[in-house]
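Structure record follows, encoded as structure tokens.
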Amino acid sequence: MDKRVLLVAHDIAPTNAFLLLREALTKVGADVKSVILNAGRNEPPSRDVLDGLVEDSDIVLVGLSSPAKNAAMEILAATQAVSHGTSLGFYADTFGAWQRAWFAPFREEAS
């Protein structure tokens with residue numbers, strides 16, 4: 001697999017899932033970058049740094065964090081992915097997560 005993948009997560013569930021996914025994707029040869037905020041314990045990158053990571057990726061996978069303030073980095077990554085024409089996917093860690101209103105603008109854009 002020669003894909004460049006960016007994983008973006010804020011909340012604990014997507015953080016934990018993406019840490020495992022990063023390991024698995026790396027084992028099959030993917031070039032994986034990640035913005036793992038670990039429920040706010042890690043500092044987010046600047047908007048420009050995130051944009052560079054998104055632009056350099058083939059696929060951007062974001063968590064669906066809640067509440068909306070927690071999802072700010074995921075929303076920004078999704079916005080940038082759409083802007084760059086980068087494939088976009090979501091990770092839903094619980095029932096109904098896909099229905100969160102702050103991700104509504106991206107539902108039709110998801111690959």
If you group Ile, Leu, Val, Met, Phe, Trp and Tyr by side-chain heavy-atom gaps below 4.5 Å, do [X] and [Y] land in one group?
{"X": "F90", "Y": "L6", "result": "yes"}
{"X": "I75", "Y": "V49", "result": "yes"}
{"X": "L37", "Y": "I12", "result": "no"}
{"X": "V62", "Y": "V32", "result": "no"}
{"X": "L61", "Y": "L76", "result": "no"}

Q) For the side chain to side chain contact (heavy atoms under 4.5 Å, CB included) test, which of V8, V60, V35 pairs with V54? A)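 So, applying the side chain to side chain contact (heavy atoms under 4.5 Å, CB included) to V54 and each of V8, V60, V35, only V60 qualifies.
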
Distance, nearest 0.5 Å, that separates [atom1] of [X] from [atom2] of [Y]:
{"X": "S65", "Y": "M73", "atom1": "OG", "atom2": "CE", "value": "11.5 Å"}
{"X": "L20", "Y": "T15", "atom1": "CG", "atom2": "OG1", "value": "11.0 Å"}
{"X": "L50", "Y": "Q80", "atom1": "CG", "atom2": "CD", "value": "4.5 Å"}
{"X": "R47", "Y": "D51", "atom1": "CZ", "atom2": "CG", "value": "8.0 Å"}
{"X": "R41", "Y": "H10", "atom1": "CZ", "atom2": "NE2", "value": "9.5 Å"}
{"X": "Q99", "Y": "L64", "atom1": "CD", "atom2": "CG", "value": "11.0 Å"}

Q: Could you tell me which non-hydrogen atom of A71 sits nearest to which non-hydrogen atom of F103, and how far apart they are?
A: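 Reported closest heavy-atom pair: CB-CZ, 3.6 Å.
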
Q: Of all the heavy-atom pairs spanning T86 and I59, show the shortest one and how long it is.
A: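 So the minimum-distance heavy-atom pair works out to CG2-N, 4.0 Å.
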
Q.
I need the full list of salt bridge (charged side-chain N to carboxylate O under 4.0 Å, His left out) pairs touching residues 100-111, with sequence neighbours left out, sorted by first then second residue.
A.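 As it turns out, there is no salt bridge (charged side-chain N to carboxylate O under 4.0 Å, His left out) pair with a partner in residues 100-111 once direct neighbours are skipped.
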
**Q.** salt bridge (charged side-chain N to carboxylate O under 4.0 Å, His left out) contacts in which one or both residues fall within residues 57-85, not counting sequence neighbours
**A.**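 Salt bridge (charged side-chain N to carboxylate O under 4.0 Å, His left out) check on residues 57-85 returns R4-D58.
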
Q: Could I get the full list of ring-ring contact (aromatic ring centres under 6.0 Å, His included) partners for Y91, not counting sequence neighbours?
A: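 Only F18 meet the ring-ring contact (aromatic ring centres under 6.0 Å, His included) criterion with Y91.
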
Q: Given side chain to side chain contact (heavy atoms under 4.5 Å, CB included), test E23 with L19 step by step and report yes or no.
A: CA-CA 6 Å; E23 184 178 322; L19 290 173; over 6 Å; no

Q) When you measure from the side chain of N70 to the backbone N and O of D11, does any donor-acceptor pair fall under 3.5 Å? A)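 It does not hold such a pair.
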
